[in-house]
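Remember, predicted model here, so these are calculated numbers, not experimental data.
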Amino acid sequence: MAGDDVVDDILRPLSQEDLILLKEIYRKHLPESIPFFFVMENQLRWLTKMEQMEADEMSKLSARAFLRYYVPRNGKLENGTFVAITDNEDPCVYFHSLQEDCNQLIIYLSETKLICWRSCPVFCGISDNHFRVLEQVINQKMGKLTVLSDCSYFTLDKNIAAQFEFNVPDDVVLKEIDTSYAEFMNEHWPHRYLHSSKYIRFLIQFNGGLGLFDKSTGDLIGWVLKNEFAGVGHLHTMPSYRRRGFGELLAKAISSKIAKEDNTDVNAFMVETNIASRALFRKIGYNWVEDSNWIRAVVVSTNRND
(Lines give C-alpha, C1' and ligand atoms only; values in the text may rest on other atoms or scores of the structure.)
Protein backbone atom coordinates (compact mmCIF):
# COMPACT_ATOMS: atom_id res chain seq x y z
CA MET A 1 0.00 0.00 0.00
CA ALA A 2 3.02 2.27 0.26
CA GLY A 3 3.08 5.21 -2.10
CA ASP A 4 6.00 6.31 -4.23
CA ASP A 5 9.09 6.98 -2.17
CA VAL A 6 10.52 10.41 -2.92
CA VAL A 7 13.91 9.62 -1.39
CA ASP A 8 14.81 13.19 -0.51
CA ASP A 9 11.40 13.93 1.04
CA ILE A 10 10.94 14.53 4.74
CA LEU A 11 8.24 11.83 4.74
CA ARG A 12 8.47 8.18 3.74
CA PRO A 13 5.72 5.78 2.63
CA LEU A 14 4.21 3.43 5.17
CA SER A 15 3.90 -0.29 4.46
CA GLN A 16 0.67 -2.15 5.13
CA GLU A 17 2.35 -3.95 8.02
CA ASP A 18 3.40 -0.65 9.59
CA LEU A 19 -0.09 0.77 9.09
CA ILE A 20 -1.40 -2.08 11.23
CA LEU A 21 1.15 -1.14 13.91
CA LEU A 22 0.21 2.54 13.66
CA LYS A 23 -3.46 1.67 14.08
CA GLU A 24 -2.67 -0.25 17.26
CA ILE A 25 -0.70 2.74 18.58
CA TYR A 26 -3.80 4.86 18.04
CA ARG A 27 -5.96 2.23 19.76
CA LYS A 28 -4.01 2.91 22.97
CA HIS A 29 -5.04 6.59 22.81
CA LEU A 30 -8.78 6.08 22.44
CA PRO A 31 -11.16 7.85 22.61
CA GLU A 32 -9.23 11.05 21.74
CA SER A 33 -7.66 9.45 18.65
CA ILE A 34 -10.81 7.65 17.57
CA PRO A 35 -11.43 9.31 14.15
CA PHE A 36 -7.99 8.36 12.89
CA PHE A 37 -8.06 4.90 14.45
CA PHE A 38 -11.23 4.18 12.51
CA VAL A 39 -10.01 5.64 9.21
CA MET A 40 -6.94 3.37 9.42
CA GLU A 41 -9.01 0.32 10.33
CA ASN A 42 -11.39 1.02 7.47
CA GLN A 43 -8.50 1.52 5.01
CA LEU A 44 -7.07 -1.88 5.98
CA ARG A 45 -10.44 -3.50 5.21
CA TRP A 46 -10.47 -1.79 1.82
CA LEU A 47 -6.98 -3.05 1.06
CA THR A 48 -8.09 -6.60 1.79
CA LYS A 49 -11.00 -6.25 -0.63
CA MET A 50 -8.85 -4.70 -3.34
CA GLU A 51 -6.44 -7.63 -3.16
CA GLN A 52 -9.21 -9.72 -4.73
CA MET A 53 -9.88 -7.28 -7.58
CA GLU A 54 -8.58 -7.17 -11.14
CA ALA A 55 -6.62 -4.10 -12.28
CA ASP A 56 -9.41 -2.87 -14.59
CA GLU A 57 -11.91 -3.01 -11.72
CA MET A 58 -9.61 -1.05 -9.45
CA SER A 59 -9.07 1.63 -12.08
CA LYS A 60 -12.77 2.53 -11.85
CA LEU A 61 -12.73 3.11 -8.09
CA SER A 62 -12.81 6.49 -6.42
CA ALA A 63 -9.46 8.06 -5.60
CA ARG A 64 -10.57 7.81 -1.96
CA ALA A 65 -9.86 4.07 -2.17
CA PHE A 66 -6.15 4.69 -2.56
CA LEU A 67 -5.26 6.66 0.54
CA ARG A 68 -1.47 6.55 0.83
CA TYR A 69 0.06 6.85 4.29
CA TYR A 70 3.37 8.55 5.06
CA VAL A 71 5.32 9.05 8.26
CA PRO A 72 8.41 11.13 9.14
CA ARG A 73 11.48 9.60 7.48
CA ASN A 74 13.58 10.01 10.61
CA GLY A 75 10.79 9.87 13.17
CA LYS A 76 9.45 7.18 15.45
CA LEU A 77 6.22 5.39 14.61
CA GLU A 78 5.27 5.56 18.30
CA ASN A 79 4.83 9.34 18.00
CA GLY A 80 1.74 8.66 15.89
CA THR A 81 2.60 11.33 13.32
CA PHE A 82 1.29 10.60 9.83
CA VAL A 83 0.08 12.26 6.65
CA ALA A 84 -2.30 10.37 4.32
CA ILE A 85 -2.98 11.57 0.78
CA THR A 86 -5.21 10.67 -2.18
CA ASP A 87 -4.42 11.52 -5.79
CA ASN A 88 -5.50 14.69 -7.59
CA GLU A 89 -8.78 13.40 -9.03
CA ASP A 90 -10.25 13.77 -5.54
CA PRO A 91 -7.47 15.46 -3.53
CA CYS A 92 -7.81 14.78 0.19
CA VAL A 93 -5.29 14.91 3.01
CA TYR A 94 -5.55 13.48 6.52
CA PHE A 95 -2.92 14.23 9.13
CA HIS A 96 -2.50 13.84 12.86
CA SER A 97 0.08 13.45 15.58
CA LEU A 98 -0.05 12.10 19.12
CA GLN A 99 2.74 14.47 20.19
CA GLU A 100 1.74 17.56 22.14
CA ASP A 101 4.44 19.68 20.48
CA CYS A 102 3.17 20.58 17.00
CA ASN A 103 6.34 22.26 15.72
CA GLN A 104 7.60 19.14 13.95
CA LEU A 105 4.21 18.53 12.38
CA ILE A 106 4.30 22.03 10.91
CA ILE A 107 7.71 21.28 9.40
CA TYR A 108 6.53 17.98 7.90
CA LEU A 109 3.49 19.56 6.23
CA SER A 110 5.42 22.60 5.03
CA GLU A 111 8.43 20.78 3.59
CA THR A 112 6.98 17.60 2.10
CA LYS A 113 6.73 17.48 -1.70
CA LEU A 114 3.97 14.88 -1.55
CA ILE A 115 1.06 17.30 -1.07
CA CYS A 116 -0.01 18.87 -4.35
CA TRP A 117 -1.07 22.29 -3.11
CA ARG A 118 -2.13 23.54 -6.54
CA SER A 119 -4.88 20.89 -6.60
CA CYS A 120 -6.58 22.75 -3.70
CA PRO A 121 -6.77 19.68 -1.46
CA VAL A 122 -9.39 19.15 1.21
CA PHE A 123 -7.97 18.41 4.66
CA CYS A 124 -10.35 15.92 6.27
CA GLY A 125 -11.34 15.44 9.89
CA ILE A 126 -8.76 17.91 11.22
CA SER A 127 -8.96 18.08 15.01
CA ASP A 128 -9.38 21.48 16.64
CA ASN A 129 -5.91 21.38 18.18
CA HIS A 130 -4.38 20.87 14.72
CA PHE A 131 -6.46 23.54 12.98
CA ARG A 132 -3.83 26.16 13.88
CA VAL A 133 -1.12 23.88 12.53
CA LEU A 134 -2.75 23.83 9.10
CA GLU A 135 -3.49 27.55 9.26
CA GLN A 136 0.18 28.30 9.93
CA VAL A 137 1.36 26.03 7.10
CA ILE A 138 -1.01 27.62 4.59
CA ASN A 139 0.00 31.10 5.71
CA GLN A 140 3.64 30.16 5.11
CA LYS A 141 2.68 29.20 1.56
CA MET A 142 0.85 32.50 1.02
CA GLY A 143 -2.45 30.69 0.61
CA LYS A 144 -5.85 30.76 2.24
CA LEU A 145 -8.12 28.20 3.82
CA THR A 146 -11.86 27.75 3.60
CA VAL A 147 -13.74 25.81 6.27
CA LEU A 148 -16.09 23.54 4.32
CA SER A 149 -17.61 21.79 7.34
CA ASP A 150 -17.33 22.38 11.05
CA CYS A 151 -18.27 19.02 12.54
CA SER A 152 -18.62 17.16 15.80
CA TYR A 153 -17.57 13.55 16.27
CA PHE A 154 -19.85 11.25 18.26
CA THR A 155 -19.55 7.62 19.37
CA LEU A 156 -21.88 4.94 20.72
CA ASP A 157 -21.02 1.84 22.75
CA LYS A 158 -21.29 -1.27 20.58
CA ASN A 159 -23.43 -3.11 23.12
CA ILE A 160 -26.04 -0.37 23.09
CA ALA A 161 -26.03 -0.17 19.29
CA ALA A 162 -26.30 -3.95 18.84
CA GLN A 163 -29.43 -4.03 21.00
CA PHE A 164 -31.31 -1.28 19.20
CA GLU A 165 -34.93 -2.08 18.48
CA PHE A 166 -36.73 -0.41 15.60
CA ASN A 167 -39.98 -0.97 13.76
CA VAL A 168 -40.30 -0.68 10.00
CA PRO A 169 -43.76 0.65 9.05
CA ASP A 170 -45.87 -1.48 6.70
CA ASP A 171 -45.78 1.11 3.91
CA VAL A 172 -41.98 1.12 3.55
CA VAL A 173 -39.20 -1.41 2.94
CA LEU A 174 -35.78 -1.31 4.59
CA LYS A 175 -33.01 -3.12 2.72
CA GLU A 176 -29.39 -2.99 1.59
CA ILE A 177 -28.78 -0.27 -0.98
CA ASP A 178 -26.91 -0.86 -4.25
CA THR A 179 -24.74 1.30 -6.49
CA SER A 180 -27.55 2.00 -8.99
CA TYR A 181 -28.73 4.73 -6.60
CA ALA A 182 -25.37 6.50 -6.31
CA GLU A 183 -26.15 9.32 -8.76
CA PHE A 184 -29.53 10.02 -7.18
CA MET A 185 -28.03 10.08 -3.68
CA ASN A 186 -25.23 12.37 -4.82
CA GLU A 187 -27.72 14.84 -6.31
CA HIS A 188 -29.29 15.22 -2.87
CA TRP A 189 -26.03 15.45 -0.93
CA PRO A 190 -25.46 19.09 0.14
CA HIS A 191 -21.66 18.63 0.08
CA ARG A 192 -21.41 17.17 -3.44
CA TYR A 193 -18.49 18.12 -5.65
CA LEU A 194 -16.98 17.22 -9.05
CA HIS A 195 -16.21 13.55 -8.40
CA SER A 196 -18.47 12.94 -5.41
CA SER A 197 -20.83 10.54 -7.21
CA LYS A 198 -17.84 8.24 -7.75
CA TYR A 199 -17.08 8.53 -4.04
CA ILE A 200 -20.69 7.68 -3.08
CA ARG A 201 -20.69 4.71 -5.45
CA PHE A 202 -17.45 3.48 -3.90
CA LEU A 203 -18.80 3.73 -0.34
CA ILE A 204 -21.85 1.68 -1.31
CA GLN A 205 -19.70 -0.92 -3.05
CA PHE A 206 -17.05 -1.28 -0.33
CA ASN A 207 -18.80 -0.32 2.92
CA GLY A 208 -22.48 -0.72 2.17
CA GLY A 209 -25.52 1.06 3.47
CA LEU A 210 -29.27 0.89 3.91
CA GLY A 211 -32.11 2.32 1.86
CA LEU A 212 -35.71 2.99 2.82
CA PHE A 213 -38.18 2.50 -0.04
CA ASP A 214 -41.82 3.46 -0.50
CA LYS A 215 -43.57 0.11 -0.85
CA SER A 216 -46.26 1.41 -3.21
CA THR A 217 -43.96 3.21 -5.67
CA GLY A 218 -40.58 1.56 -5.12
CA ASP A 219 -39.00 5.01 -4.75
CA LEU A 220 -35.94 5.50 -2.56
CA ILE A 221 -37.08 7.83 0.22
CA GLY A 222 -34.19 7.69 2.67
CA TRP A 223 -30.72 6.25 3.05
CA VAL A 224 -27.63 5.98 5.21
CA LEU A 225 -24.10 4.73 4.47
CA LYS A 226 -21.10 3.44 6.34
CA ASN A 227 -18.48 6.11 5.59
CA GLU A 228 -14.67 6.11 5.27
CA PHE A 229 -14.42 6.32 9.06
CA ALA A 230 -16.32 3.00 9.23
CA GLY A 231 -19.15 4.91 10.87
CA VAL A 232 -22.57 6.39 10.20
CA GLY A 233 -22.68 8.91 7.36
CA HIS A 234 -24.75 10.41 4.56
CA LEU A 235 -28.02 10.04 6.47
CA HIS A 236 -30.80 11.59 4.41
CA THR A 237 -34.59 11.50 4.20
CA MET A 238 -36.43 12.99 1.23
CA PRO A 239 -38.31 16.16 2.26
CA SER A 240 -41.84 14.85 1.68
CA TYR A 241 -41.16 11.88 3.98
CA ARG A 242 -39.73 13.75 6.94
CA ARG A 243 -41.24 13.98 10.43
CA ARG A 244 -42.22 10.31 10.32
CA GLY A 245 -39.29 8.94 12.33
CA PHE A 246 -37.44 7.57 9.30
CA GLY A 247 -34.19 9.30 10.23
CA GLU A 248 -34.16 7.59 13.62
CA LEU A 249 -35.06 4.27 12.00
CA LEU A 250 -32.13 4.51 9.57
CA ALA A 251 -29.70 5.71 12.25
CA LYS A 252 -30.57 2.85 14.58
CA ALA A 253 -30.55 0.25 11.80
CA ILE A 254 -27.09 1.17 10.46
CA SER A 255 -25.65 1.61 13.97
CA SER A 256 -26.82 -1.88 14.91
CA LYS A 257 -25.49 -3.32 11.66
CA ILE A 258 -22.01 -1.79 12.14
CA ALA A 259 -21.80 -2.86 15.80
CA LYS A 260 -22.70 -6.46 14.98
CA GLU A 261 -20.64 -6.85 11.80
CA ASP A 262 -17.50 -5.04 12.97
CA ASN A 263 -17.80 -5.84 16.70
CA THR A 264 -16.81 -2.29 17.51
CA ASP A 265 -18.16 0.94 18.94
CA VAL A 266 -19.97 3.03 16.34
CA ASN A 267 -19.00 6.56 15.31
CA ALA A 268 -20.66 9.40 13.45
CA PHE A 269 -19.74 12.88 12.19
CA MET A 270 -22.35 15.64 12.27
CA VAL A 271 -22.13 19.11 10.79
CA GLU A 272 -22.26 21.74 13.53
CA THR A 273 -25.18 23.54 11.92
CA ASN A 274 -27.29 20.37 11.52
CA ILE A 275 -29.15 20.78 14.80
CA ALA A 276 -31.77 18.14 13.98
CA SER A 277 -29.17 15.46 13.25
CA ARG A 278 -27.19 16.24 16.39
CA ALA A 279 -30.36 16.05 18.49
CA LEU A 280 -31.33 12.74 16.88
CA PHE A 281 -28.00 11.06 17.58
CA ARG A 282 -27.91 12.33 21.15
CA LYS A 283 -31.46 11.02 21.61
CA ILE A 284 -30.48 7.48 20.65
CA GLY A 285 -27.43 7.47 22.92
CA TYR A 286 -24.44 8.86 21.00
CA ASN A 287 -21.92 10.90 22.99
CA TRP A 288 -19.74 13.79 21.82
CA VAL A 289 -15.98 13.06 21.61
CA GLU A 290 -14.42 16.06 19.86
CA ASP A 291 -14.84 18.64 17.11
CA SER A 292 -13.33 18.26 13.65
CA ASN A 293 -13.00 20.35 10.52
CA TRP A 294 -13.02 19.82 6.76
CA ILE A 295 -10.88 22.53 5.19
CA ARG A 296 -10.01 23.39 1.60
CA ALA A 297 -6.56 24.87 1.09
CA VAL A 298 -6.05 27.25 -1.81
CA VAL A 299 -2.39 27.92 -2.56
CA VAL A 300 -1.11 29.57 -5.74
CA SER A 301 2.56 28.70 -6.10
CA THR A 302 5.21 29.03 -8.74
CA ASN A 303 7.12 26.13 -7.20
CA ARG A 304 6.59 23.14 -9.48
CA ASN A 305 6.87 20.80 -6.48
CA ASP A 306 3.91 22.40 -4.70
Sole residue of F281, F36, W288, F269 in ring-ring contact (aromatic ring centres under 6.0 Å, His included) with Y153: F269

Nearest-0.5 Å distance that lies between atom CD1 in I10 and atom OG1 in T112: 8.0 Å

Donor-acceptor contact below 3.5 Å, side chain R68 vs main chain P13: no

Check ion pair D262-R45 (N to O, under 4.0 angstrom): yes

Interatomic distance, H29 atom NE2 to H96 atom NE2 [nearest 0.5 angstrom]: 9.5 Å

Parallel, tilted or perpendicular: rings of F82 and Y26 (30°, 60°): perpendicular

Backbone N/O of A251 and side chain of S255: donor-acceptor pair under 3.5 Å: yes

Validation row: R244, T237 side chains within 4.5 angstrom (heavy atoms): no

Side-chain donor-acceptor contacts of residues 205-214 below 3.5 Å, not counting sequence neighbours, with atom names and distances?
residue, atom, partner, partner atom, Å
N207, OD1, W46, NE1, 2.8
N207, ND2, N42, OD1, 3.2
N207, ND2, K226, O, 3.2
N207, ND2, N227, O, 2.7
D214, OD1, S216, N, 2.9
D214, OD1, S216, OG, 2.6
D214, OD1, T217, N, 3.4
D214, OD2, Y241, OH, 2.7

Side-chain heavy atoms of S62 within contact of D90, under 4.5 Å: yes

With sequence neighbours excluded, residues passing ring pair (Phe, Tyr, Trp, His ring centres under 6.0 Å) with Y199: W189, H234

Test log, rule side chain to side chain contact (heavy atoms under 4.5 Å, CB included), inputs D265 and L156: CA-CA 6 Å; D265 292 345; L156 177 67; over 6 Å; no

Side chain Q43, main chain Y69, donor-acceptor under 3.5 Å: no

Geometric class of the F95/F123 ring pair [parallel <30°, tilted 30-60°, perpendicular >60°]: perpendicular

Exam field: side chain S119 to backbone C116, donor-acceptor pair closer than 3.5 Å: yes

Within-4.5 Å side-chain heavy-atom neighbours: F37 and E41: yes

Distance (rounded to the nearest 0.5 Å) between D291 CG and S152 OG: 4.0 Å

Under 3.5 Å donor-acceptor, S256 side chain and K252 backbone: no

Any donor-acceptor N/O pair, T86 side chain to C92 backbone, under 3.5 Å: yes

Distance-only side-chain donor-acceptor flag, T81 / Q104, under 3.5 Å: no

Backbone N/O of C120 and side chain of R296: donor-acceptor pair under 3.5 Å: yes

Any side-chain heavy-atom pair of E290 and S127 under 4.5 Å: yes

From CD (E24) to NZ (K28), nearest 0.5 Å: 8.0 Å

Salt bridge (Lys or Arg N to Asp or Glu O under 4.0 Å) assessment of K257 paired with E176: CA-CA 11 Å; K257 178 179 172 66; E176 296 274 350; 2.5 Å; yes

Check: T146 side chain, L148 main-chain N or O, donor-acceptor pair, under 3.5 Å: no

K215 (side chain) donor-acceptor with D170 (main chain) under 3.5 angstrom: yes

Residues, nucleotides or ligands: over 12 heavy atoms within 6.0 Å of E54 CD: no

Verdict with reasoning, I177 to M185, per side chain to side chain contact (heavy atoms under 4.5 Å, CB included): CA-CA 11 Å; I177 201 159; M185 294 165 64; 3.6 Å; yes

E89 backbone acceptor or donor facing D87 side chain under 3.5 Å: yes

Pairwise distance NZ(K198) to CG(L61) - rounded to 0.5 angstrom: 8.0 Å

CA sep, side-chain torsions, deciding dist, call: T155, N267, side chain to side chain donor-acceptor pair (under 3.5 Å): CA-CA 4 Å; T155 61; N267 69 89; over 6 Å; no

Side chain proximity check, Y94 to E228, heavy atoms < 4.5 angstrom: yes

Heavy atoms from other residues, nucleotides or ligands near NZ of K49 exceed 12 (cutoff 6.0 Å): yes

Full working for side chain to side chain contact (heavy atoms under 4.5 Å, CB included) between I160 and V266: CA-CA 10 Å; I160 296 175; V266 190; over 6 Å; no

S197 side chain to R192 side chain, donor-acceptor N/O pair below 3.5 angstrom: no

Y70 vs L114 side-chain heavy atoms within contact, under 4.5 Å: yes

Flag if over 12 foreign heavy atoms under 6.0 Å of CG, D56: yes

Residue pair L11, K113: steps toward the side chain to side chain contact (heavy atoms under 4.5 Å, CB included) verdict: CA-CA 9 Å; L11 301 177; K113 303 178 182 70; over 6 Å; no

Beyond-backbone contact of R12 with D18, side-chain heavy atoms, under 4.5 angstrom: yes

F131 ring center near W294 ring center (under 6.0 Å): no

Closest approach of G143 to V299 (non-hydrogen atoms, all atoms of both residues): CA-CG2, 4.0 Å

Over 12 foreign heavy atoms within 6.0 Å of CG, N159: yes

F246 side chain near V172 side chain, heavy-atom distance below 4.5 Å: yes

